[in-house]
> 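I have a structure here, written as structure tokens, and I will follow up with some questions on it.
As the structure is a prediction and not an experimental result, all values here were calculated from the model.
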Amino acid sequence: MKSARDITFEFIQDGYETIHRYSRGKIYASEFRNYCFDDLGTEKNMKHFGNECNVLAEILLSRYDLFVAGKLKTHITTNLSATELEEAYGNRLRSRLREMVNLIGFDMSVQDKRK
């Protein structure tokens with residue numbers, strides 16, 4: 001489990017290696033890692049040496065290709081609706097998320113378990 005915000009902070013320090021780390025894993029590794037990205041949508045676009053990037057969008061798009069190949073599972077937690085996800089990441093990623101994830105929604109009246 002990895003916080004979406006923490007991943008973007010890693011991008012500031014490590015650059016595009018961060019995207020590779022969470023999408024495809026180590027360069028010469030034959031096994032891919034399953035991740036849970038916590039609180040998707042709380043992060044912002046980040047810059048590395050002046051290049052702005054939507055880090056989680058790039059990671060999820062790369063993981064989608066591996067998902068299609070049958071090699072990878074990705075778990076996501078978010079408080080955003082599908083419309084809010086589309087506003088943050090675009091229609092292309094929203095479409096792929098529909099295929100990649102099983103939605104587990106909670107009624108607004110459900111008590112918050114974090115308390």
> Please check: side-chain N/O of Arg96 versus main-chain N/O of Arg92, any donor-acceptor pairing under 3.5 Å?
yes
> Could you state the interatomic distance from CG (Leu85) to CZ (Arg98), rounded to the nearest 0.5 Å?
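Those atoms lie 10.5 Å apart.
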> For the residue pair Leu60 and Leu40, establish whether any side-chain heavy-atom pair is separated by less than 4.5 Å.
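A side-chain contact exists here, since the closest heavy-atom pair is under 4.5 Å.
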> Minimum heavy-atom separation for Phe37 and Tyr22, please, with both atom names.
CZ-O, 4.1 Å
> Counting only N and O atoms by type, is there a donor-acceptor contact under 3.5 Å from the side chain of Thr78 to the main-chain atoms of Asp39?
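Pair absent, no side-chain N/O of Thr78 close to backbone of Asp39.
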> To check you understand the geometry: which heavy-atom pair defines the closest contact between Ala57 and Tyr89, and what is its length?
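Nearest pair, atom of Ala57 first, then Tyr89: CB-CD2, 3.8 Å.
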> For the residue pair Glu99 / Tyr64, report whether a side-chain donor-acceptor contact shorter than 3.5 Å exists.
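The answer is yes; a qualifying pair exists.
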> Roughly how far, to the nearest 0.5 Å, is the NZ atom of Lys73 from the CZ atom of Phe67?
7.5 Å
> Please give me the minimum heavy-atom distance between Arg63 and Ser23, naming the atom from each residue.
CG-CA, 3.7 Å
> Are the side chain of Ser62 and the backbone N or O of Glu58 linked by a donor-acceptor pair below 3.5 Å?
yes
> Contact between Met100 and Ile76 at the side-chain level, heavy atoms closer than 4.5 Å - yes or no?
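No. Closest side-chain heavy atoms not under 4.5 Å.
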> If you round to the nearest 0.5 Å, how far is CG of Asn54 from CD1 of Ile59?
9.5 Å
> Please report the shortest heavy-atom distance between Phe11 and Cys53, naming the atom on each side.
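Smallest interatomic distance, heavy atoms only, reads CZ-CB, 3.7 Å.
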> Roughly how far apart are Ile12 CD1 and Ile7 CD1, rounded to 0.5 Å?
13.0 Å
> With rounding to the nearest 0.5 Å, note down the distance linking CD in Glu86 to CG in Leu80.
12.5 Å
> Measure the spacing between NZ of Lys2 and CZ of Arg33 and express it to the nearest 0.5 Å.
10.0 Å
